[in-house]
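Predicted, not measured: the structure shown is a model, and the values here were computed from it. Counting starts at 1 for both ligands and their atoms, in listed order.
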Amino acid sequence: MRVLVTGAAGFLGSHLTDALLAEGHSVVGVDNLCTGSLENIGHLQNEPRYTFVQQDIIEPFDLGPVDYVFNFASPASPVDYARLGVETLRVGSDGTRNALNIAHRYQAKFLHASTSECYGDPAVHPQTEDYWGHVNPIGPRSVYDEAKRFSEALIMAYHRYYHVDTRMVRIFNTYGPRLQKNDGRVISNFMIQALKGEDLTVYGEGKQTRSFCYVSDEVDGILRLSRSKEHLPTNIGNPNEWTIIECAKAVLKVTGSSSQIVYLPLPQDDPTQRQPNISKAKRLLGWEPKIDLETGLRLSLDYFRSCIAAETAPTH
Ligand code: UDP
């Protein structure tokens with residue numbers, strides 16, 4: 001297949017690209033580099049089946065016929081989407097529409113990276129796909145949450161009215177090599193703080209929970225979904241739920257760091273709990289994650305060490 005990946009220089013987009021190339025496909029990657037990084041795709045420079053185009057998908061674009069569109073473009077960390085609020089809303093509306101138009105034009109299949117943020121601060125726990133969510137439509141996270149929810153509505157409309165062959169994955173917290181080191185996410189912050197011997201910054205009392213999926217498990221689930229015929233959203237995430245304090249302790253253990261934990265204010269609308277119910281993915285795709293948090297953190301150690309080495313390397 002000739003596959004289009006938007007957000008191709010991002011954390012997930014770049015890992016997805018690697019997996020698609022490994023399956024023998026050709027990939028056209030598009031990214032405006034507002035949060036993605038060329039370093040994530042540097043290893044593909046001499047890959048004849050890979051083309052990279054720097055392009056903002058908010059503007060209409062056409063890179064020729066494709067068989068599959070993976071729509072992964074969006075700022076995704078709370079710090080990034082707070083900084084790029086309007087851009088985030090636009091990529092989830094105009095950007096998704098432009099990507100859908102390509103799928104429609106070339107009768108390509110379409111898979112969209114949606115998010116557990118569609119559930120907001122969930123009143124149903126764990127979250128099943130049929131839960132409509134509990135989202136503040138005007139709070140600081142709304143630029144991301146409502147962009148992603150609008151994308152889902154638009155995708156269902158293209159599916160219902162234009163018969164585009166669409167899929168949506170609701171992605172829960174995912175981590176691993178190539179996470180941006182400064183994007184403010186909990187795993188990248190804690191790993192870098194621990195490796196530098198700095199205090200680990202726990203927000204609030206650290207009793208809020210998240211469920212962390214290692215990136216290779218996430219990509220495996222996404223590829224399985226891409227081959228299925230399921231048009232409704234499917235949760236792909238690791239159902240092991242951790243409090244943020246437990247997560248900090250896991251990072252201290254894996255890094256062997258003697259950093260201290262400090263407590264900072266909880267950001268507004270920070271969800272109190274997050275855990276995917278993955279019964280649907282298990283039943284439909286035969287998928288479940290294999291890598292537990294400590295193993296995944298160990299697999300990420302070299303990457304975070306290299307981020308710190310790059311920071312401190314002398315410049316000539
Ligand atoms: N968090 C924290 N310390 C940090 C960064 C994040 O305690 O240095 C908390 C944050 O308040 C949230 C959780 O960790 O409850 C996950 O935050 P993240 O930004 O990774 O993603 P979210 O799941 O909130 O989108």
Side-chain angles (χ1 to χ4, degrees), residues 10-12 35 72 74-85 88 92 113-122 125-127 133-136 139-149 169-215 218 235-252 255 257 259-276 293 296-297 300 304 307-308:
F11 166 58
L12 277 177
T35 57
F72 277 64
S74 178
S77 87
V79 168
D80 282 338
Y81 61 70
R83 184 171 57 88
L84 298 166
T88 303
S114 191
T115 168
S116 58
E117 284 289 314
C118 289
Y119 302 122
D121 190 7
H125 194 72
Q127 292 78 58
H134 180 223
V135 171
N136 178 350
R141 297 174 86 101
S142 65
V143 291
Y144 185 68
D145 299 8
E146 297 296 12
K148 289 289 186 181
R149 286 163 67 98
V169 53
R170 290 208 180 126
I171 298 169
F172 285 65
N173 295 63
T174 304
Y175 68 99
R178 300 187 200 158
L179 266 183
Q180 283 184 81
K181 59 176 186 284
N182 296 325
D183 73 359
R185 282 201 181 99
V186 67
I187 298 281
S188 36
N189 273 6
F190 285 177
M191 288 292 271
I192 290 192
Q193 289 161 346
L195 290 170
K196 283 181 161 176
E198 295 172 355
D199 294 341
L200 268 57
T201 52
V202 168
Y203 301 158
E205 292 176 33
K207 289 182 184 159
Q208 69 273 35
T209 67
R210 294 295 186 273
S211 304
F212 301 102
C213 190
Y214 188 67
V215 63
E218 187 68 42
N235 291 339
I236 298 285
N238 190 317
N240 288 332
E241 186 184 13
W242 297 70
T243 66
I244 295 305
I245 280 287
E246 289 169 340
C247 171
K249 289 182 179 157
V251 168
L252 291 177
T255 54
S257 168
S259 288
Q260 305 295 306
I261 292 175
V262 294
Y263 294 86
L264 296 179
L266 189 67
Q268 188 193 332
D269 294 345
D270 198 282
T272 50
Q273 52 184 3
R274 260 314 151 60
Q275 184 189 26
L293 182 60
L297 291 175
S300 312
F304 286 110
C307 291
I308 293 169

Please answer whether the main-chain N or O of Gly120 pairs with a side-chain N or O of Arg274 as donor and acceptor at a distance below 3.5 Å.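 Between the backbone of Gly120 and the side chain of Arg274 there is a qualifying donor-acceptor contact (under 3.5 Å).
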
State which residue, out of Val169, Asn238, Asn173, fulfils the side-chain contact (heavy atoms from CB on, under 4.5 Å) condition with Glu218.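 Filter result, single survivor: Val169.
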
What residues form a salt bridge (Lys or Arg N to Asp or Glu O under 4.0 Å) with Glu241, not counting sequence neighbours?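 Checked Glu241 against salt bridge (Lys or Arg N to Asp or Glu O under 4.0 Å); zero matches.
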
Heavy-atom pair of closest approach, residues Ile245 and Glu205: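 Scanning both residues completely, I find the closest heavy atoms to be CG1-O, 3.7 Å.
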
Atom CD of residue position Glu198 - does it have more than 12 heavy atoms of other residues, nucleotides or ligands inside 6.0 Å? yes

Return the orientation label for the Tyr175 and Phe212 ring planes: parallel under 30°, perpendicular over 60°, tilted otherwise. perpendicular

Please list, by chain and number, the protein residues whose heavy atoms come under 4.0 Å of ligand 1.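 Lining ligand 1: Pro78, Glu117, Arg141, Asn173, Gly184, Arg185, Val186, Asn189, Phe190, Thr201, Val202, Tyr203, Gln208, Arg210, Ile244, Pro267, Asp270.
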
